[in-house]
Number of protein chains: 2
Amino acid sequence: EQDIQALVTEIHEQVSDDQIAILLESFPLKLRLTLWQALSDEAQQNIFIVMKHESRELLLSTLEDEQCLPLLTKLDAVHLLELSESLNDRFIDYAVSNMNAKQRSLYKKSCDYALDEVGHWQNFTEIQLPQRLKLSAVKKVCSKKLPSFTEVIYIVDDNGVLIGEIPVNAIFKAESDQEYRDSIDTDVEYLLSNEDIADASEKLIDLDRSALPIIDENRCLTGRLDLPTAYRYKEQTLEAQLNQSGGLVEEEDLFGNVWQSSKNRAVWLGINLVTAFLASWFIGLFEATIQQVVALAVLMPVVASMGGISGSQTITLIIRGLALGQINDSNKKSIIAKELKVGAINGVLWAIVIGAITFIWFDNPLLSLTIFISILGNIVIASLSGVWVPWILNKFNIDPALSGSVVLTTVTDIFGFIVFLGLGSLLLL
Amino acid sequence: EQDIQALVTEIHEQVSDDQIAILLESFPLKLRLTLWQALSDEAQQNIFIVMKHESRELLLSTLEDEQCLPLLTKLDAVHLLELSESLNDRFIDYAVSNMNAKQRSLYKKSCDYALDEVGHWQNFTEIQLPQRLKLSAVKKVCSKKLPSFTEVIYIVDDNGVLIGEIPVNAIFKAESDQEYRDSIDTDVEYLLSNEDIADASEKLIDLDRSALPIIDENRCLTGRLDLPTAYRYKEQTLEAQLNQSGGLVEEEDLFGNVWQSSKNRAVWLGINLVTAFLASWFIGLFEATIQQVVALAVLMPVVASMGGISGSQTITLIIRGLALGQINDSNKKSIIAKELKVGAINGVLWAIVIGAITFIWFDNPLLSLTIFISILGNIVIASLSGVWVPWILNKFNIDPALSGSVVLTTVTDIFGFIVFLGLGSLLLL
């Protein structure tokens, strides 16, 4: 017990809080709890903030309530907002009641915004100074330790309206009130608090700035969006896409609750089951044919999987193009034309290869012709579907990054089976 | 012609270079070239730098050589490094010969490092000042416009060895040489130029700093790694994973060269073909069985796809765990135990559901039993394979993020078919 305590203290001195959070996840739950208890209260509070969403939920659900509460006592508005989706209301209320008045009002302010609005993601570490402050007072404030990502100070009027900004080094260079006022840049880039966070993040990243001020509808400065927040938002989007392509609804802790994990994964298995049985049903329509030409059953996976891969290649490009706003009604035709060409080239190439292998294997020219036509048709159709499936989902406001590939595979599977088995019935019976 | 010119100039005034780069990609090649020609020389040079790798290659291959060269005349070391993988040697030589001596030596310096070393990614916008400089001189240098992400100034000795750093505002606050020297923080976080860029990026992001100094083996300051570069590296890694999961070897331009695109996609289609025929070969072993019980052929896609999804759910978690170093010999057993439990729960659940549907559909209790056992077995085996496939690939230094899912699907397909058709042969013939 005491050994663990000493070891954990030692590790905590060497390793950053973020790294400890990652490290903790590599231990099964029981051992993880022992290690957690060995951390000092302060270490627990800091590591709790940087843990992964799922691991934090897991921890809270394992600890006694009285052990959870200390973790929440020192949260400021920004931290609580980050945590709020993984905390239940009782804990949030407790955390809010433990804040000082300023942090509480900041928290309430951010809560007014939806999750996709800039205001929800703002932090309040910016330094803002009233316009009428004298240079000497300004210098005094700015000579203290500045928060990270502070290259400029924001200047506001008596009503809190954003007037302009001034680089930190320009403040100190100024030798008179006049010089100081002249150095204030009044033509500043800013974000609106109800702007879309995705657009705002792109804008901040494009401008190569470390933060941008956020103003509300009255042009009052409410906070700022910093570069790490912008990138973290972007990363989240990419990671959600990756999880989805792996068939997970939500990210999981490596040692997450078994029932929770099972539930998370059951969703996609269930969706997949519906589409798989749909494909089976279409195959079932050709039972008589398969019975007479079993080779068709043997070759089915080849037809289905070549179509599936082609389709997902196209859809990956199209989803990115839609996300960046590069695809619209006017260039849709040209994109389809290009995908058709690419599909035709790969279709012919692989139809020949597969047709030849089939001929060598089964020594049946008509079977060879059947699979030649099916592969060519399925790859071409898959390439086209890779364009129109996400396009249509997008029109209906369904995110194609999350549901596109299921719809697409269903289409290519079913089309592939119908053409292959249908053509087989015609040519081979 | 003149109208286009006016329109393009208008757009260029309104929209950032990054956005124009994205916009250009939404036009088919011919129109894109017309728009490109309408941009001013300076705009072309700036937009060229921020374009996507693939679009840049496409542009260079379309333009005449004499039109390409002006794009390269004003590149500095950092920009040329970013571009170097998409430029052929002739263009690189031209760009290098057009640099001034300082940029050329910086470029050479970065080229000495491998692509995965911090040194390759450094930029040279940091401000470094010799230790013996007087406060007045320091203030003079720092009162000019500072490069982005400059919160601290680095101090070096006569040999260029990094001594410490000082926040910009602390420089100006200092009133005597002594006070200035006392404010220099000599205990600074730094990166080594031959450190791994992935680790270094994580470190910079964890520290919540906007840049870190980079030193070489002699402790000399060589440059700095800034936050946008660190995040861009991380993003690249995520995007490569996303492209791979979509079956693309490389990202493509929406209107990329048709032959080039076809080649890019043919790689995965070819790999997939090998695994698909492998599965077919195993199905072929059971031709006699299928001929007598066609329902087995009808239900094959259900068995294969349920296994495929289960496996990819597990592998997604494991790949992330391996990348973060959370998985090691000591906790491997616990992870396998947990995945076994999750696999068993979903296996039993979906085996019952699928068994019941099969019974209703085919009214054959033995067929129902066959698929029950196969689904249960395949989901459990797939969950286990999701752990050991990436684990083994990792041991052999093969990136599981790029090749794991192909190997995994092959395993689950073949296992699923063997159990389902083998068991079918035993129970149903």
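Just so we're on the same page: letters track the sequence lines, and every chain starts at 1. The shown structure was predicted, so the numbers you read here are calculated from the model rather than taken from an experiment.
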Is [X] in contact with chain A via its backbone, its side chain, both, or neither, using a 4.5 Å heavy-atom distance?
X        : result
B/Ala266 : both
B/Ile205 : neither
B/Glu202 : neither
B/Val302 : both
B/Ile345 : side chain
B/Val353 : side chain
B/Thr314 : both
B/Trp281 : both
B/Arg320 : side chain
B/Lys144 : backbone

When [options] are compared by non-hydrogen pairs under 4.5 Å with chain A, the top option:
options                              : answer
B/Gly247, B/Ser143, B/Ala297         : B/Ser143
B/Val298, B/Asp413, B/Ile318         : B/Val298
B/Pro28, B/Ser16, B/Gly284, B/Pro228 : B/Pro228

Self-check item: Interface residue of largest heavy-atom contact number with chain B, from A/Ile315, A/Thr150, A/Leu31, under 4.5 Å
Solution: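 Looking at each option in turn, the highest pair count goes to A/Thr150.
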Self-check item: When A/Leu24, A/Asn169, A/Val50, A/Leu242 are compared by non-hydrogen pairs under 4.5 Å with chain B, the top option
Solution: A/Asn169
Exercise. Decide whether A/Lys338 and B/Ser261 meet the rule of one side-chain donor and one side-chain acceptor closer than 3.5 Å.
Key: yes
Quiz item: So, A/Asn272 and B/Ser305: side-chain donor and acceptor under 3.5 Å apart, yes or no?
Solution: yes
Keeping the roles fixed (side chain from [X], backbone from [Y]), state whether a donor-acceptor pair exists under 3.5 Å.
X        : Y        : result
A/Asn331 : B/Phe27  : no
B/Gln326 : A/Ile22  : yes
A/Ser262 : B/Asn346 : no

Practice problem: With side-chain contact (heavy atoms from CB on, under 4.5 Å) as the test, would you mind laying out the steps for B/Ser26 and A/Ile327 before giving the verdict? | Solution: CA-CA 6 Å; B/Ser26 68; A/Ile327 300 179; over 6 Å; no
Practice problem: Show your working on side-chain contact (heavy atoms from CB on, under 4.5 Å) between B/Ser334 and A/Phe255 and close with a plain yes or no. | Solution: CA-CA 8 Å; B/Ser334 320; A/Phe255 291 100; 3.5 Å; yes
Quiz prompt | Interatomic spacing from CD in B/Gln313 to CG in A/Leu248 - rounded to 0.5 Å | solution = 5.5 Å
Quiz prompt | Closest non-hydrogen atom pair between B/Phe277 and A/Ile354, with its separation | solution =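 Taking every non-hydrogen atom into account, CZ-CG2, 4.0 Å.
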